[in-house]
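Only this structure's heavy atoms are used, side chains among them; waters, hydrogens and symmetry mates stay out.
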Amino acid sequence: MSETKLPRPGQATLAGWLIVLGSLLTVVTAWDQISGLRSLDTRERVEEVLAEPPLAGSGIGLDNILDLMHVMALVTGAMAAAAVILGWHVLQRNKQARLALTVIAAPLFFAGMFGGGFWSTLSAVAVVLLWMSPTRDWFDGVSPTKREAIDSGDPDQESYVAPAPPETPTASAASTTPTAPTGSTSGPARLSQQQPPPWTGAIAQPTKAAPKRRPGAVTAAAVLTWIGSGLTALMMLASAVTATANPDLILEQVRKQAESDPNMREMAELYTTDIIVASVWIMAVLVALVCVAAAVFAAFAIRRHSWARVALMISAGVSALSLLLFALAFPPAVVIFGAAVATFSFLLRPEVAAWFRNG
């Protein structure tokens with residue numbers, strides 16, 4: 001199979017378009033930040049940050065912060081513009097574009113904290129998918145069938161040809177065979193007459209062997225699930241502990257939002273510190289239980305239970321959608337979002353499905 005005829009895997013398409021769209025929105029966000037950098041609202045928000053620890057009393061002025069934000073927004077916009085072009089070439093299977101995106105992924109991630117926010121982080125995380133199978137195999141020119149054969153321990157499996165069944169003598173040939181007279185049959189002729197007739201039924205053909213070893217994608221999906229579930233549970237429990245220790249701070253933030261949004265004023269008046277603490281703990285416990293369930297699914301998937309693979313795929317898909325919405329308010333959550341997407345992608349691989357199907 002030639003390299004030009006290899007189909008592009010869905011993971012490569014997802015990663016490429018995430019890079020293109022995420023980088024394009026990063027350019028728009030950076031430009032919007034530059035245009036409103038000297039506005040009164042921005043200056044007030046920066047002054048509030050400078051008045052609180054750890055920047056309080058550091059000697060850093062308002063103009064210094066604004067200049068830094070301006071430079072970082074320009075750098076982020078420039079790298080994001082380059083990532084848009086490189087992401088398009090990645091969809092065309094350009095290895096140089098993938099390497100260039102890998103080089104600028106880390107700077108785009110850190111610079112995006114000042115000028116890109118969520119979208120720059122999403123683009124940087126999507127670059128990681130370009131180095132995971134099956135996208136990596138697509139760039140290397142390895143077909144999915146050949147990769148499955150290698151994972152199963154039989155690299156020649158793809159070129160195996162079943163032997164043809166032996167020919168059987170025809171009835172006409174049998175009728176023309178001379179027979180010896182009764183009582184005068186020689187030894188070899190007698191033995192040939194006593195042999196059973198040739199087999200004329202169906203001949204079993206060797207089938208394609210299923211992978212005997214556990215595919216690496218299954219192990220990677222389980223490890224990502226355990227890490228992501230652990231981090232998510234720890235973050236939620238830490239939020240609950242913080243809310244318990246400082247409920248007034250959270251209540252103050254809710255009231256500040258209510259002042260700018262008339263629709264929340266009546267709802268904010270109903271909130272008390274006890275309600276806030278109870279709500280945060282309920283949410284933390286529910287999320288922790290979901291994380292524990294996902295970790296259990298991963299453990300059973302490692303042991304080759306087909307139902308665990310389906311349950312883990314559903315868990316990863318729901319988590320990815322939830323984290324995508326949560327990351328809009330908390331950008332670091334995009335890292336866990338990337339882990340959920342990678343887990344779902346790993347479990348869709350053909351060698352993984354074959355391994356579970358023949359388990």
Side-chain angles (χ1 to χ4, degrees), residues 18 109 113 117-118 121-122 124-126 128-129 132 214 216-257 264 267-268 270-348 352 356:
L18 282 178
F109 175 79
M113 295 182 179
F118 167 75
T121 306
L122 180 63
V125 172
V128 180
L129 297 177
M132 295 182 176
R214 181 196 308 136
V218 177
T219 304
V223 172
L224 286 176
T225 300
W226 292 329
I227 295 176
S229 299
L231 290 176
T232 304
L234 286 176
M235 284 193 303
M236 293 304 298
L237 292 176
S239 300
V241 172
T242 303
T244 304
N246 302 293
D248 294 331
L249 180 61
I250 299 177
L251 184 60
E252 183 180 354
Q253 294 294 329
V254 172
R255 289 174 177 173
K256 283 184 178 180
Q257 293 180 0
M264 292 184 61
M267 186 179 297
L270 301 176
Y271 279 101
T272 62
T273 55
D274 294 336
I275 293 178
I276 291 177
V277 171
S279 301
V280 172
W281 272 107
I282 291 174
M283 181 63 66
V285 170
L286 290 177
V287 173
L289 290 176
V290 172
C291 292
V292 171
V296 172
F297 294 154
F300 277 101
I302 284 288
R303 298 176 63 86
R304 207 172 183 178
H305 291 272
S306 298
W307 65 266
R309 170 177 174 260
V310 177
L312 191 57
M313 290 178 63
I314 296 174
S315 175
V318 174
S319 299
L321 294 176
S322 303
L323 288 167
L324 182 59
L325 299 176
F326 181 66
L328 296 174
F330 187 63
V334 75
V335 177
I336 306 178
F337 164 76
V341 173
T343 299
F344 190 87
S345 176
F346 285 150
L347 295 175
L348 279 178
V352 172
F356 278 101

S.K.: Could you tabulate the donor-acceptor pairs under 3.5 Å formed by side-chain atoms of residues 219-235, not counting sequence neighbours?
M.R.:
from, atom 1, to, atom 2, distance (Å)
T225, OG1, A221, O, 2.7
W226, NE1, A295, O, 3.1
S229, OG, T225, O, 2.7
T232, OG1, G228, O, 2.8

S.K.: Mind running side-chain contact (heavy atoms from CB on, under 4.5 Å) on W281 and T244 for me, showing each step along the way?
M.R.: CA-CA 9 Å; W281 272 107; T244 304; 2.7 Å; yes
S.K.: Determine whether V218 and F356 satisfy the following criterion, side-chain contact (heavy atoms from CB on, under 4.5 Å), listing intermediate values before the conclusion.
M.R.: CA-CA 10 Å; V218 177; F356 278 101; 4.0 Å; yes
S.K.: Heavy atoms, side chains only, cut-off 4.5 Å: are L348 and M313 in contact?
M.R.: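 Yes, close enough: below the 4.5 Å cut-off.
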S.K.: Going by the angle between their ring planes, with limits at 30° and 60°, are F300 and H305 parallel, tilted or perpendicular?
M.R.: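 Because their plane-to-plane angle is over 60°, the rings of F300 and H305 count as perpendicular.
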S.K.: Do you know the tightest heavy-atom contact between A124 and F109?
M.R.: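 Closest approach of A124 to F109, heavy atoms only: CB-CB, 3.9 Å.
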S.K.: Is any side-chain heavy atom of M236 less than 4.5 Å from a side-chain heavy atom of M283?
M.R.: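 Yes, close enough: below the 4.5 Å cut-off.
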S.K.: Quick one: side chain to side chain contact (heavy atoms under 4.5 Å, CB included) partners of L129, sequence neighbours excluded?
M.R.: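 Testing L129 for side chain to side chain contact (heavy atoms under 4.5 Å, CB included), a comparison that skips the adjacent residues, returns Q11, A15, M132, V341, A342.
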S.K.: Between CG of L312 and CD1 of I302, what distance do you get to the nearest 0.5 Å?
M.R.: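 Separation between the atoms: 9.5 Å.
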S.K.: The criterion is side chain to side chain contact (heavy atoms under 4.5 Å, CB included); which residues satisfy it with V125, sequence neighbours excluded?
M.R.: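 Side chain to side chain contact (heavy atoms under 4.5 Å, CB included) check on V125 returns T121, V334.
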S.K.: I need the I314 CD1 to S319 OG distance, nearest 0.5 Å.
M.R.: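 With rounding to 0.5 Å, CD1 (I314) is 11.5 Å from OG (S319).
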